[in-house]
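Working notes, beginning with the structure itself.
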Amino acid sequence: MKKLDTICPIVETIRIIGSEPKLLVLRYLLDGGKGFNELQRLTKLSSKTLSSTLKDLENNDLIKRIIISDRPFRVRYELTEKGKELKGVFEEIQKWGNKYLK
């Protein structure tokens with residue numbers, strides 16, 4: 001692995017959050033916590049893709065998985081404080097999109 005001082009923070013951030021599935025999940029979780037089925041309905045991702053995306057975001061400490069009940073088994077996904085700090089980034093992307101994609 002490269003030394004920390006030689007890593008570009010922009011490139012490293014894009015590596016962590018830059019796929020379309022990750023951006024979709026983060027975007028919807030910025031509105032509040034959601035269950036797996038709700039995220040799947042909103043993002044239209046396959047079960048396999050959503051599952052791996054959630055695991056990756058959890059491993060990078062951007063989301064947390066909270067067990068709501070054992071029977072029936074239900075979980076809820078929420079942003080961590082680290083994940084919530086991306087709100088400004090999404091707001092800027094939205095501003096750019098509103099300006100140039102209309």
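One is the number of the first residue; the rest follow in order along the sequence.
- In this structure, Y100 places its OH atom where only 12 or fewer heavy-atom neighbours from other residues, nucleotides or ligands lie under 6.0 Å away.
- A continuous path of ILVMFWY side-chain contacts below 4.5 Å connects L26 to V75, so both sit in one hydrophobic cluster.
- Salt-bridge formation is detected for the pair R15/E12: a Lys NZ or Arg NE/NH1/NH2 atom is positioned less than 4.0 Å from an Asp or Glu carboxylate oxygen.
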Please list every donor-acceptor pair under 3.5 Å in which a side-chain atom of residues 27-40 meets a protein atom from a residue at least two apart or in another chain.
residue	atom	partner	partner atom	Å
R27	NH1	D31	OD2	2.8
K34	NZ	Y28	O	3.2
K34	NZ	G32	O	3.1
Q40	NE2	L45	O	3.4

Inset, instruction - Carefully, step by step, assess T13 and V89 under the rule side-chain contact (heavy atoms from CB on, under 4.5 Å). - result: CA-CA 11 Å; T13 300; V89 173; over 6 Å; no
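- In this structure, E78 places its CD atom where more than 12 heavy-atom neighbours from other residues, nucleotides or ligands lie under 6.0 Å away.
- A salt bridge is absent between K82 and E85; no separation between the charged side-chain nitrogens and carboxylate oxygens falls under 4.0 Å.
- Both I16 and F90 are part of a single hydrophobic cluster, where members link through side-chain heavy atoms under 4.5 Å apart.
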Inset, instruction - Using the salt bridge (charged side-chain N to carboxylate O under 4.0 Å, His left out) rule, take E58 and K55 through it: C-alpha gap first, then chi angles, then the decisive distance, then the call. - result: CA-CA 5 Å; E58 189 176 13; K55 284 178 187 168; over 6 Å; no
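- Without hydrogens or angle criteria, T80 side chain to D61 main chain gives a donor-acceptor distance under 3.5 Å.
- The CD atom of E20 lies 10.0 Å from the OG1 atom of T43; values are rounded to the nearest 0.5 Å.
- I63 and I67 fall within a single hydrophobic cluster, where Ile, Leu, Val, Met, Phe, Trp and Tyr are joined by side-chain heavy atoms under 4.5 Å apart, directly or via other members.
- Summarising the geometry, atom NZ belonging to K22 is positioned 6.5 Å from atom CG belonging to N60; distances are rounded to the nearest 0.5 Å.
- Linking ILVMFWY residues whenever their side-chain heavy atoms come closer than 4.5 Å, directly or via other members, leaves Y77 and I68 in distinct clusters.
- The two residues L23 and G18 come nearest to each other via the heavy atoms CD1-O, 4.0 Å.
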Inset, instruction - Please lay out, stage by stage, how K48 and S52 fare under the test side-chain contact (heavy atoms from CB on, under 4.5 Å). - result: CA-CA 6 Å; K48 183 178 177 181; S52 66; 5.6 Å; no
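- No chain of hydrophobic side-chain contacts below 4.5 Å, direct or via other Ile, Leu, Val, Met, Phe, Trp or Tyr residues, connects I10 to W96.
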